[in-house]
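What follows is a set of notes on a single structure, which appears directly below.
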Amino acid sequence: MIEFWDTSITTQWGIYLLPLLSFILGIYITRRRFKKQKKQLRFSNDYFQGLNYLLNDEQDKALNIFIKLVETDWETIDTSLALGAIFRRKGEIDKAIKLHQNLLARPSLPQEYKGMVLLSLAKDYLQAGWLDRAENLFNEIVENEAFTHEAQECLMSIYEKEQDWEKAINIARRFQSKGNITLAATTAHYYCELSQKIHSKNDLKEAEALAIQALNADKNCVRASILLADFAITRGRFQKAIRFLRQVEIQNEKLLPLALDKLVLCYRNTSNLNKALSYLRSLEQKHKNIFLTPVLTSLIEEIFSKEDALQYLIDSVHETPSLFTLNTLLQLQDSDTSQQKTLLPTVIEAITEKQPDYQCINCGYSANTHVWSCPSCHHWSSLIPQSL
Ligand SMILES: [Zn+2]
């Protein structure tokens, strides 16, 4: 009986209370939503004000706004980092560093954004030339998969600047083994650099071992083959040197000119100039490389006669007309005192001298001496011999 009455009372109260509670809850939700919208509206106004400052090149005012915004909504951190990048690009490194250090110092910085801020700060240090600090930070974030590639590239550029080839090899190999095969060519150059450094300390055996490791890293490393040939020549092992030099044709035929003089030297020392001639002729037929012409001319003149060399050159000029070949021909012809005969070679020489000997296929940088790393874009093996 009592139970019946209790249930009945509860049900009756429920009938009146439920709509009331729903009404109160409705008001509460609406007020909250309104407050949130108001907050978002204020946020948007501030945000656009900040952008406006940016567009008007008033970065300092924009910075004040974005720094305040980031505290209330960390999702706006991208804008602060973009601002930091602008400071860095403009050379205002101190401002960029201050901004990134400020962000890092905040206890409320979510863990997921920490890597992005550290990466930006590391780039600031790199540009400021504080290589040790930059190296420490990049090493801290390189393990974070989201930043591995960028941090690794920056670390490699630091070690290249410091010429610390052991560290450069370590960092390149560590992430190469995780499937980054594009690093192979660069790693091979690091081994070559280290090999040359060790060779300068008269440790020929270790230098050879390092050059072989360069070839293991990248079987198409022309530099490693030429280095190994140089070491073999030093040991008087000319046949071995020839084997390395003949690899260049397979590795990169555009870089053949770098190996030609050494090839002739090795064949000469093994009393096999005829073999040199037939090998270079086969290369000429296959690759039409213009730089073979003067080397072949000298060989034909030495083995046969000057007339044969002249005939070969005349044929070459007809077959592949170029100022380079024509100049080789004119130099071989008997000099004449008449102005007509000396004018042409002088003009051609002047024109060909203006042409840089090497040009970077990546950025167009030109140079008159060969280097393995482009001084402009820092690509490896990108300087190719040029001729008109
Ligand atoms: Zn370049």
Side-chain angles (χ1 to χ4, degrees), residues 85 88-91 122-123 125-129 131 134-135 138 148-169 171-173 175-176 180-197 210-211 214-215 217-227 230 247-262 287-292 322-324 351-388:
R88 195 187 313 125
R89 247 197 324 274
K90 285 175 70 180
K123 285 180 182 173
Y125 288 153
L126 183 61
Q127 190 162 325
L131 300 185
E135 183 188 344
F138 283 127
T148 296
H149 183 67
E150 214 172 343
Q152 182 196 15
E153 282 193 341
C154 291
L155 277 171
M156 281 159 57
S157 80
I158 289 173
Y159 299 140
E160 283 182 23
K161 272 185 199 156
E162 291 176 335
Q163 302 200 336
D164 191 334
W165 307 113
E166 285 100 336
K167 279 189 180 176
I169 289 168
I171 197 80
R173 285 189 68 91
F175 296 98
Q176 193 174 313
N180 192 343
I181 51 166
T182 53
L183 279 174
T186 306
T187 312
H189 276 284
Y190 292 161
Y191 276 117
C192 289
E193 290 283 353
L194 194 55
S195 170
Q196 284 180 301
K197 193 174 157 187
L210 286 162
L215 274 184
D218 174 20
K219 67 178 179 5
N220 289 323
C221 183
V222 170
R223 185 183 187 181
S225 294
I226 292 178
L227 265 181
D230 284 339
Q247 286 299 308
V248 176
E249 179 207 356
I250 303 153
Q251 292 167 321
N252 184 354
E253 97 271 355
K254 287 194 177 113
L255 293 178
L256 262 175
L258 300 177
L260 294 179
D261 289 343
K262 293 176 201 284
H287 304 297
K288 306 281 177 211
N289 194 314
I290 206 168
F291 293 98
L292 287 160
S322 76
L323 282 178
F324 184 75
I351 294 169
T352 49
E353 261 180 26
K354 280 183 188 170
Q355 166 78 7
D357 294 334
Y358 302 93
Q359 193 159 35
C360 174
I361 50 168
N362 185 54
C363 72
Y365 175 86
S366 52
N368 286 325
T369 48
H370 183 262
V371 281
W372 289 103
S373 173
C374 172
S376 172
C377 68
H378 305 295
H379 269 240
W380 293 94
S381 290
S382 60
L383 262 72
I384 301 294
Q386 301 291 309
S387 74
L388 284 171

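Order of listing sets the numbers, starting from 1, for every ligand and every atom in it. Any value given below was found using the heavy atoms of this structure, including those in side chains, with hydrogens, waters and symmetry copies removed.
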### Summary
Angle subtended at the Zn ion (ligand 1) by C363 SG and C374 SG, to the nearest 10 degrees, is 110°

### Task
Give a yes or no on whether H378 keeps an N, O or S atom under 2.8 Å from the Zn ion (ligand 1).
no

### Task
Confirm or rule out an N/O/S atom of C377, from backbone or side chain, lying less than 2.8 Å from the Zn ion (ligand 1).
yes

### Task
Count the heavy atoms belonging to other residues, nucleotides or ligands that lie under 6.0 Å from CD of E150, then report whether that count exceeds 12.
no

#### Entry: Separation between NE2 of H379 and OG1 of T186, rounded to the nearest 0.5 Å
8.5 Å

### Query
Would H370 and W372 count as a close aromatic pair, with their ring centres under 6.0 Å?
yes

### Query
Ion pair present between K167 and E135, side-chain N to carboxylate O less than 4.0 angstrom?
yes

